[in-house]
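Source: prediction; values computed, not measured. We count ligands from 1, going down the list as the structure has it; atoms in each ligand are counted the same way.
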Amino acid sequence: MRQASALSSVSKVEEEFAPQANSSYHSHAHVQFYGILGGFSLVACAFICPCLQPKRKETSKEFEKDKALPSNCASLEGSSLSKPLPGFASDASISVLPKSTGCMSFTMADIARITRNFSASNVIGHGGFGTVYKGNLGDGNLVAIKRGKKPYALKVLQNEVTMLSKIDHLNLVKLLGYLEDDQEHILIVEYVSNGNLREHLDGRHGVTLNLATRLDIAIDVAHALTYLHLYAEKPIIHRDVKSSNILVTDKFRAKVADFGVSTTGPTEVGETHVSTLVRGHADYVDPEYLQTLKITTKSDVYSYGVLLIEIFSGRRPFELKRPSNERVTIKWAAHKIIEGNATEILDPKLELTPAASIAIGRLMDLAVQCLAPTRKYRPTMQEVAAVLWDIRKDYGNSSQAPTPTRASVDLLPC
Ligand SMILES: Nc1ncnc2c1ncn2[C@@H]1O[C@H](COP(=O)(O)OP(=O)(O)OP(=O)(O)O)[C@@H](O)[C@H]1O
């Protein structure tokens, strides 16, 4: 029963995304499923380097007014703001960050003060770039300070500055400033107050995200990526879409962060960006990129497919402690869909109501499309967002999904 639904929805999605190809969808759908399994083997074997709308449409929920600083703000004393960034490839070059009114100016002494001398109690996270601190400007405004490790940090900082300075979207973390000299590589970005998505899926903030909220978050991320792919000055490929890079606001909406490995590039095969180093997280990486070292915006779509399954199953893309046939979450989910048991993918923390059952079937069909091993069969992020809106609308109309209330603002111990 569920299989029929999953497959027929796959067909519907295919018709929407590729109107010419419809008659052979059954075999095509299976090719896609098996492709996911095959594609994953490639991912698993590969060596991985560690590492919208034009404007957001009105949504049913209002975004919070974060205690954020003015946007597009970037000016730091002692930095090379007005000079071209050193060591930059021409396709990623900018010479000056936008000069907008209300820009903040910081010195290293300011940064030390607002982070209480990089105090351990101000640490909010660690990543490939370095350590992230909460900074209190003293007037009630908070910022996130990303202090880079050397020597990796310089290139990442320059890339993140270049990318973030080009963009302005509600669902993307804003750059407020940076500092780069011989000693320090520091980014000052909008502070997003409610942890990252992975922490929420793990229940580390004391609340379970309900299905409606997960849908809203999925839509926010789809809008952010659509904006990057279609509406930024030049198409931007994020290249590191993963749950720890999705930050959650107090109103449980999402902002995509971390542009350290992003690149400007083409949207479609035929005008691809060639990268000699594989970037991004192994669990989310596009198998076609691994094979060809060429990326397009469809590489983000693949990562988004992995993320979609993660959001609604609650499982990490790879879970070592599971039985061997369940360790690779997209593979486990693909089997469930083929067997007609897509509803079993739903996070057990969520109630399987009739509305949830329909929604999860449609969501998994969409994920399968995003995970097509061949790029041309993947939808664009704009198409993904449109399908998600439909699912959200139908689910919203048929359920009385409560909004999560935060039991605690502090992280529970891991
Ligand atoms: N602007 C921000 N506001 C609030 N918290 C943030 C912000 N940026 C990052 N964090 C927190 O710090 C953590 C580390 O962030 P960072 O971007 O350095 O690394 P990452 O994305 O987790 O890993 P990697 O850099 O290896 O991809 C994030 O997962 C998040 O919890």
Side-chain angles (χ1 to χ4, degrees), residues 48-51 64 66-69 71 73-74 104 111 114-115 118 120-137 141-150 152-161 163-164 167 169-178 185-202 204-205 217 220-221 224 237-263 277-285 300 303 306-307 310 316-317 409-412 414:
I48 308 295
C49 175
C51 0
E64 70 177 321
D66 282 334
K67 279 192 164 182
L69 293 167
S71 63
C73 191
M104 308 285 299
I111 291 170
I114 65 179
T115 57
F118 299 102
S121 61
N122 281 45
V123 172
I124 47 179
H126 299 276
F129 176 76
T131 305
V132 187
Y133 297 84
K134 188 197 278 193
N136 188 338
L137 298 183
N141 283 312
L142 298 173
V143 290
I145 309 277
K146 296 180 78 171
R147 188 185 201 190
K149 306 186 273 226
K150 285 184 266 181
Y152 176 61
L154 179 59
K155 193 110 185 131
V156 175
L157 174 132
Q158 291 171 340
N159 203 44
E160 195 147 350
V161 168
M163 294 301 161
L164 283 172
I167 59 177
H169 189 275
L170 200 57
N171 300 118
L172 292 164
V173 168
K174 285 183 180 49
L175 174 70
L176 303 172
Y178 75 93
H185 303 133
I186 290 175
L187 278 169
I188 299 133
V189 295
E190 174 186 14
Y191 175 69
V192 187
S193 53
N194 200 7
N196 69 48
L197 177 60
R198 188 59 248 174
E199 292 163 356
H200 279 280
L201 295 173
D202 289 337
R204 290 173 63 198
H205 288 263
I217 288 173
D220 288 342
V221 178
I237 307 166
H238 186 283
R239 294 174 84 181
D240 202 12
V241 175
K242 59 177 180 177
S243 54
S244 65
N245 280 342
I246 312 300
L247 304 181
V248 181
T249 71
D250 269 343
K251 295 262 168 70
F252 292 91
R253 301 309 297 255
K255 288 179 188 263
V256 176
D258 209 349
F259 287 73
V261 295
S262 312
T263 187
L277 271 180
V278 176
R279 309 260 187 207
H281 193 283
D283 295 341
Y284 298 81
V285 81
D300 281 348
S303 308
V306 178
L307 181 74
E310 180 176 2
R316 288 166 189 270
V409 289
D410 298 320
L411 270 186
L412 301 174
C414 304

For atom 30 (C) of ligand 1, which candidate among V248, V132, L247 holds the nearest heavy atom? L247
Within ligand 1, which atoms have a heavy atom of E190 less than 4.0 Å away? 1 (N), 2 (C), 3 (N)
Is the closest N or O pair between V173 and ligand 1 shorter than 3.5 Å? no
Between R253 and the options N171, N194, D220, the side-chain hydrogen bond (donor to acceptor under 3.5 Å, both in side chains) test singles out D220
Run the numbers for me: atoms of ligand 1, each under 4.0 Å from some heavy atom of D240, listed by number. 27 (O)
Only one of L197, T249, L307 passes side chain to side chain contact (heavy atoms under 4.5 Å, CB included) with I217, and that residue is L197
Side-chain heavy atoms of V192 within contact of V173, under 4.5 Å: yes
The atoms of ligand 1 lying under 4.0 Å from a heavy atom of V189, numbered in the order shown, are 1 (N)
Is R198 touching ligand 1 with its side chain, its backbone, both, or neither, if touching means heavy atoms under 4.0 Å apart? neither
Within the 4.0 Å heavy-atom cut-off, what K146 brings close to ligand 1 is side chain
Under the criterion side chain to side chain contact (heavy atoms under 4.5 Å, CB included), which of E199, R198, H200 is the partner of V248? H200
Nearest non-hydrogen contact to atom 27 (O) of ligand 1 from the set K255, K174, K242 belongs to K242
Contact between N196 and K242 at the side-chain level, heavy atoms closer than 4.5 Å - yes or no? no
Going by the order shown, which atoms of ligand 1 are within less than 4.0 Å of some heavy atom of A144? 1 (N), 2 (C), 3 (N)
In Å, rounded to the nearest 0.5 Å, how long is the span from CG of L247 to CD of E190? 9.0 Å
For N196, the atoms of ligand 1 under 4.0 Å from one of its heavy atoms are 28 (C), 29 (O), 30 (C), 31 (O)
Per-atom contacts of ligand 1 with N245, taking only distances under 4.0 Å to non-hydrogen atoms: 20 (P), 21 (O)
Got N141 and Y191 here, is their nearest side-chain heavy-atom distance under 4.5 Å? no
Hey, could you give me the CG/CD1 distance between L201 and I246, rounded to the nearest 0.5 Å? 10.5 Å
Option with minimal heavy-atom separation from atom 13 (C) of ligand 1, where the choices are A257, G195, G127, G125: G125
Rounded to the nearest 0.5 Å, what separation is found between the NZ atom of K146 and the NE2 atom of H185? 14.5 Å
Quick check on contacts: which atoms of ligand 1 are under 4.0 angstrom from a heavy atom of S244? 22 (O), 28 (C), 29 (O)
Based purely on interatomic distance, does Y191 place a nitrogen or oxygen under 3.5 Å from a nitrogen or oxygen of ligand 1? no
